[in-house]
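Single-structure report; data block below.
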Amino acid sequence: SAVISQKPSRDICQRGTSLTIQCQVDSQVTMMFWYRQQPGQSLTLIATANQGSEATYESGFVIDKFPISRPNLTFSTLTVSNMSPEDSSIYLCSVDTGWNTGELFFGEGSRLTVL
Amino acid sequence: GEDVEQSLFLSVREGDSSVINCTYTDSSSTYLYWYKQEPGAGLQLLTYIFSNMDMKQDQRLTVLLNKKDKHLSLRIADTQTGDSAIYFCADKSQGNLIFGKGTKLSVKP
């Protein structure tokens, strides 16, 4: 398995500000992903964080709103820009270790509340 | 797009068995997964099953897969209060995991 640390674990933010979430993995992984879990909802994939190139965004998510960095194989950041109350969610970092079974391992999540 | 459906709530008494059901639409699924999310925590992988298997047992957990009906279930034997959580079914579809909305399991003493 992989151990994934996310910071911050929770934050309360003001409307219009931006927040960067960090994700650190204890081993090198090829695939890192960012998910959003809105209150009472399932997980929605925001983007795949690609090492050394621009992230690949899912439909409905754009780089200007959710810029992502992936400087190496163990670290990634997700920024939530110009936040509004609708951005209040849990944001989860996950990794695919490349095993044949294809499961994802998740961080503890970052719970953001936007006032 | 592909979809995964689950019932939203399940309530059982401590010591009983719990059965959480899931249906999916992707006929090319290779693996299906069950994740557990406790309050305020991230997702923990509980178990997975390969699509050419009918059943997988792991201690108190039994996963049944009916590929013809695209139906997956998770049975928890001797359910404990510590099993109270949200359980997500997930299907690997075209490289991404598609999650259901989650089933909230409540265990009453």
Check the surroundings of atom [atom1] in [X]: do more than 12 heavy atoms from other residues, nucleotides or ligands lie under 6.0 Å from it?
X	atom1	value
B:F9	CZ	no
B:K104	NZ	no
B:R60	CZ	yes
B:K56	NZ	yes
B:K101	NZ	no

Are A:M31 and B:L97 linked, directly or through other ILVMFWY residues, by side chains that come within less than 4.5 angstrom of each other?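 In one cluster: yes.
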Under a single-linkage definition using a 4.5 Å side-chain heavy-atom cutoff for Ile, Leu, Val, Met, Phe, Trp and Tyr, are A:L112 and A:F61 assigned to the same hydrophobic cluster? yes
Do you know which two heavy atoms are closest between B:L43 and A:F106, and how far apart they sit? O-CB, 3.6 Å
Could you walk me through whether B:K92 and A:D96 satisfy the side chain to side chain contact (heavy atoms under 4.5 Å, CB included) test, starting with their C-alpha distance in whole Å, then the side-chain angles of each, then the deciding distance to 0.1 Å, before giving a yes or no? CA-CA 12 Å; B:K92 188 137 194 180; A:D96 183 340; 3.3 Å; yes
With only heavy atoms counted, which part of A:L45 is less than 4.5 Å from chain B, the side chain, the backbone, both or neither? side chain
Does any backbone or side-chain atom of A:Q37 lie under 4.5 Å from a heavy atom of chain B? Answer side chain, backbone, both or neither. side chain
Look at B:G42, B:A41, B:G102, B:G100 and state which one has the largest set of heavy-atom pairs under 4.5 Å with chain A.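 Of the options given, most contacts go to B:G42.
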What part of B:L45 lies closer than 4.5 angstrom to a heavy atom of chain A: side chain, backbone, both or neither? side chain
Contact origin within B:Q6 toward chain A - heavy atom pairs under 4.5 Å: neither
Check whether B:Y35 reaches the backbone of A:F105 with its side chain - one donor and one acceptor, N or O, closer than 3.5 Å. no
Measure the CZ-CG distance between B:F99 and A:L104 for me, rounded to the nearest 0.5 Å.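 It comes to 6.0 Å.
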